[in-house]
Engineer: 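Let me begin by handing over the structure; questions about it come next.
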Amino acid sequence: MNIGIIGTGNIASYLLEQVNENRMAEGRITAVFGRNVEAGTRLKKRFGIDFHTDFQEFLSASVDTVVEAVTMEAASLFVKQVAEQQKDLIVSSIGVFKDLALLEQLTSLAEANGTTIYLPSGAIGGLDVLQSANALGGLESVQLTTRKSPQSLGMETGQEQVLFDGTAFDAVGKFPKNINIALVLSIAGIGVHKTTVRIIVDPAIERNTHTVEAQGDFGKMQLKVENEPMAANPKTSLLAAMSILSVLQHKGRALRIGS
C-alpha cells in the first residue's frame with residue numbers, strides 16, 4: 001500500500017513517524033502534498049518521501065490511498081478531486097461534510113470507481129453502537145456534550161458557560177472548528193437534524209471531554225472520552241491522529257471487528 005498525505009502539519013509528521021519509521025501499519029507513505037514549502041522540505045529530508053506543491057502532480061504519483069490532514073477549508077478544495085481518481089480516501093476533517101451534498105457526491109464517485117471513503121472516529125468512540133442501534137431505525141436520540149477549556153476555544157473566562165445547545169446542523173454554522181465529532185456522530189446515527197449538541201466552556205477541566213448519550217430500542221448508552229492533546233499541537237487530540245493510524249492498520253485485513 002502506497003500512501004499519500006495532503007498536508008504537512010502535525011498529523012502528517014505523526015503518521016510518517018508511526019508508519020515509515022516505526023512500521024506500525026503495512027505499506028509506506030511515499031508522497032506528501034502541501035503549500036508550506038519549508039515544512040514539506042523538512043519532511044522530505046527526514047523521511048525520504050516525495051514532496052509536491054502541485055496537486056495534480058501529487059494525484060499522478062503512484063499512491064493508492066490518500067489521507068487528508070489539513071484544515072476543513074483546505075479539505076473542501078481537494079477531497080472531491082481525490083474521489084474522482086481511483087484512490088481510497090481517508091478524511092480527517094469530517095467537518096467538510098457540513099455540505100451534505102458533498103458527502104453524497106463523494107460516495108457516488110467511490111462506488112463508481114470501486115474505491116472506499118473512510119471517516120475515522122477521531123476524538124470520540126461509540127460509532128459502532130450507533131450504527132448497530134440504528135440498523136432497523138430504532139435509534140431515538142443522540143446527544144453530544146463537549147466540554148473544552150477556554151484556551152482551546154480561544155476565550156478568556158473564569159466561569160463555566162453553555163456556549164451552544166441545539167442541533168448538530170445548527171452547530172455546524174456556529175462552531176465550524178468544533179464540529180468534526182458532531183458530524184461523524186450524525187453520519188453514524190440519526191442525522192444532523194436529530195442529533196443534539198451542547199458545547200460548554202469549563203475553566204476547571206484539563207482535558208477536552210466528549211460525552212455521548214444515546215437511547216432507543218437497543219437500550220441506553222453513555223460514553224465519555226477525555227482527550228490528551230498532541231504534544232506538538234494542543235489544539236489536536238492525540239486520539240484523532242491515532243484513529244487515522246488505526247484505519248491504515250486495519251485497511252485490507254481479512255479480520256474485521258464491528259461494522
Side-chain angles (χ1 to χ4, degrees), residues 1-20 22-34 43 47 49-50 52 55 58-59 61-99 102-125 127-128 131 179-181 183-188 230 233 236-253 256-259:
M1 175 172 60
N2 289 334
I3 305 162
I5 300 179
I6 302 173
T8 57
N10 293 296
I11 289 180
S13 297
Y14 175 84
L15 293 175
L16 281 160
E17 290 174 1
Q18 298 303 329
V19 176
N20 287 18
N22 299 335
R23 309 295 186 195
M24 295 303 295
E26 291 186 9
R28 181 175 176 81
I29 298 167
T30 58
V32 170
F33 164 80
L43 295 177
F47 298 103
I49 48 91
D50 294 329
H52 301 274
F55 192 63
F58 169 77
L59 287 180
S62 58
V63 298
D64 46 68
T65 300
V66 174
V67 177
E68 173 274 310
V70 288
T71 64
M72 185 176 69
E73 292 77 16
S76 66
L77 302 175
F78 303 124
V79 291
K80 186 177 179 182
Q81 295 181 66
V82 176
E84 289 171 342
Q85 308 294 315
Q86 291 185 333
K87 302 177 190 294
D88 291 337
L89 173 62
I90 301 172
V91 181
S92 70
S93 301
I94 297 175
V96 73
F97 297 127
K98 64 180 181 179
D99 178 2
L102 177 61
L103 179 58
E104 294 178 2
Q105 289 178 359
L106 264 60
T107 303
S108 297
L109 286 168
E111 289 174 348
N113 290 333
T115 55
T116 304
I117 297 171
Y118 297 89
L119 305 185
S121 56
I124 197 61
L127 301 184
D128 272 5
Q131 291 183 97
I179 60 170
N180 273 357
I181 292 175
L183 275 178
V184 75
L185 287 172
S186 299
I187 293 168
M230 293 187 74
N233 182 11
T236 301
S237 80
L238 179 59
L239 186 59
M242 294 173 72
S243 72
I244 301 172
L245 177 62
S246 178
V247 171
L248 293 171
Q249 288 177 329
H250 293 90
K251 189 174 181 290
R253 285 192 179 182
R256 297 186 61 171
I257 301 173
S259 58

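FYI, side chains are in, hydrogens and waters are out, and symmetry mates aren't considered; it's all heavy atoms of this structure.
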Engineer: To the nearest 0.5 angstrom, please state how far the OG atom of S121 sits from the CG atom of N180.
Structural biologist: 11.5 Å
Engineer: Working to the nearest 0.5 angstrom, can you tell me the gap between S186 OG and K98 NZ?
Structural biologist: 14.5 Å
Engineer: For the residue pair L185 and L127, establish whether any side-chain heavy-atom pair is separated by less than 4.5 Å.
Structural biologist: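 A side-chain contact under 4.5 Å exists here.
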Engineer: With side chain to side chain contact (heavy atoms under 4.5 Å, CB included) as the test, would you mind laying out the steps for T65 and K251 before giving the verdict?
Structural biologist: CA-CA 10 Å; T65 300; K251 189 174 181 290; 3.1 Å; yes
Engineer: Under the side chain to side chain contact (heavy atoms under 4.5 Å, CB included) rule, what do K80 and L109 come out as? Steps first, then yes or no, please.
Structural biologist: CA-CA 9 Å; K80 186 177 179 182; L109 286 168; 4.2 Å; yes
Engineer: Is there a donor-acceptor contact under 3.5 Å from the side chain of S108 to the main chain of E104?
Structural biologist: yes
Engineer: Taking all non-hydrogen atoms of both residues into account, name the closest pair between V96 and A75 and its distance.
Structural biologist: CG2-C, 4.2 Å
Engineer: On a heavy-atom basis, which atom in A69 and which in S92 lie closest, and how many Å separate them?
Structural biologist: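 Reported closest heavy-atom pair: CA-OG, 3.6 Å.
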Engineer: Got more than 12 heavy atoms from elsewhere within 6.0 Å of CD, Q81?
Structural biologist: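 Correct, the count exceeds 12.
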Engineer: Counting only N and O atoms by type, is there a donor-acceptor contact under 3.5 Å from the side chain of T115 to the main-chain atoms of Q86?
Structural biologist: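 No; zero donor-acceptor contacts below 3.5 Å.
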Engineer: Please give me the minimum heavy-atom distance between A61 and A31, naming the atom from each residue.
Structural biologist: CB-CB, 4.4 Å
Engineer: If you count every heavy atom of other residues, nucleotides or ligands that lies below 6.0 Å from M242 atom CE, does the total exceed 12?
Structural biologist: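 Atom CE in M242 is not crowded, with 12 or fewer foreign heavy atoms closer than 6.0 Å.
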Engineer: When the ring planes of F78 and F55 are compared, do they come out parallel, tilted or perpendicular, using 30° and 60° as the limits?
Structural biologist: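 F78 vs F55 ring planes: tilted.
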Engineer: Hey, is the main chain of A25 close enough, under 3.5 Å, to the side chain of Q249 for a donor-acceptor pair?
Structural biologist: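 A pair under 3.5 Å: no.
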Engineer: Within this structure, what is the CD1-CZ distance for the pair I5 and F58, rounded to the nearest 0.5 Å?
Structural biologist: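 So the CD1 of I5 and the CZ of F58 are separated by 8.0 Å.
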Engineer: Could you give the distance from OG1 (T107) to CG (L102), rounded to the nearest 0.5 Å?
Structural biologist: 9.0 Å
Engineer: Rounded at 0.5 Å granularity, tell me how far CG in L106 sits from CD1 in I117.
Structural biologist: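 It comes to 4.0 Å.
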Engineer: Would a distance-only check, ignoring hydrogens and angles, find a side-chain to backbone donor-acceptor pair under 3.5 Å from D88 to T116?
Structural biologist: yes
Engineer: Please say whether more than 12 non-hydrogen atoms of neighbouring residues, nucleotides or ligands are located less than 6.0 Å from CE in M24.
Structural biologist: no
Engineer: Within the structure provided, determine whether D128 and Q131 are in side-chain contact (heavy-atom separation under 4.5 Å).
Structural biologist: yes
Engineer: For the residue pair V63 and K87, what are the closest heavy atoms and their distance?
Structural biologist: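 Smallest interatomic distance, heavy atoms only, reads O-NZ, 2.7 Å.
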Engineer: Which heavy atom of T8 sits nearest a heavy atom of F33, and at what distance?
Structural biologist: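 Distance-wise, the nearest heavy atoms are CG2-O, 4.2 Å.
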Engineer: Could you state the interatomic distance from OH (Y14) to CD1 (I244), rounded to the nearest 0.5 Å?
Structural biologist: 9.5 Å
Engineer: Write down the atom of F47, the atom of R28, and the distance for their closest heavy-atom approach.
Structural biologist: O-NH2, 3.2 Å
Engineer: Tell me which one of D50, V67, I3, N2 satisfies side chain to side chain contact (heavy atoms under 4.5 Å, CB included) with I29.
Structural biologist: I3
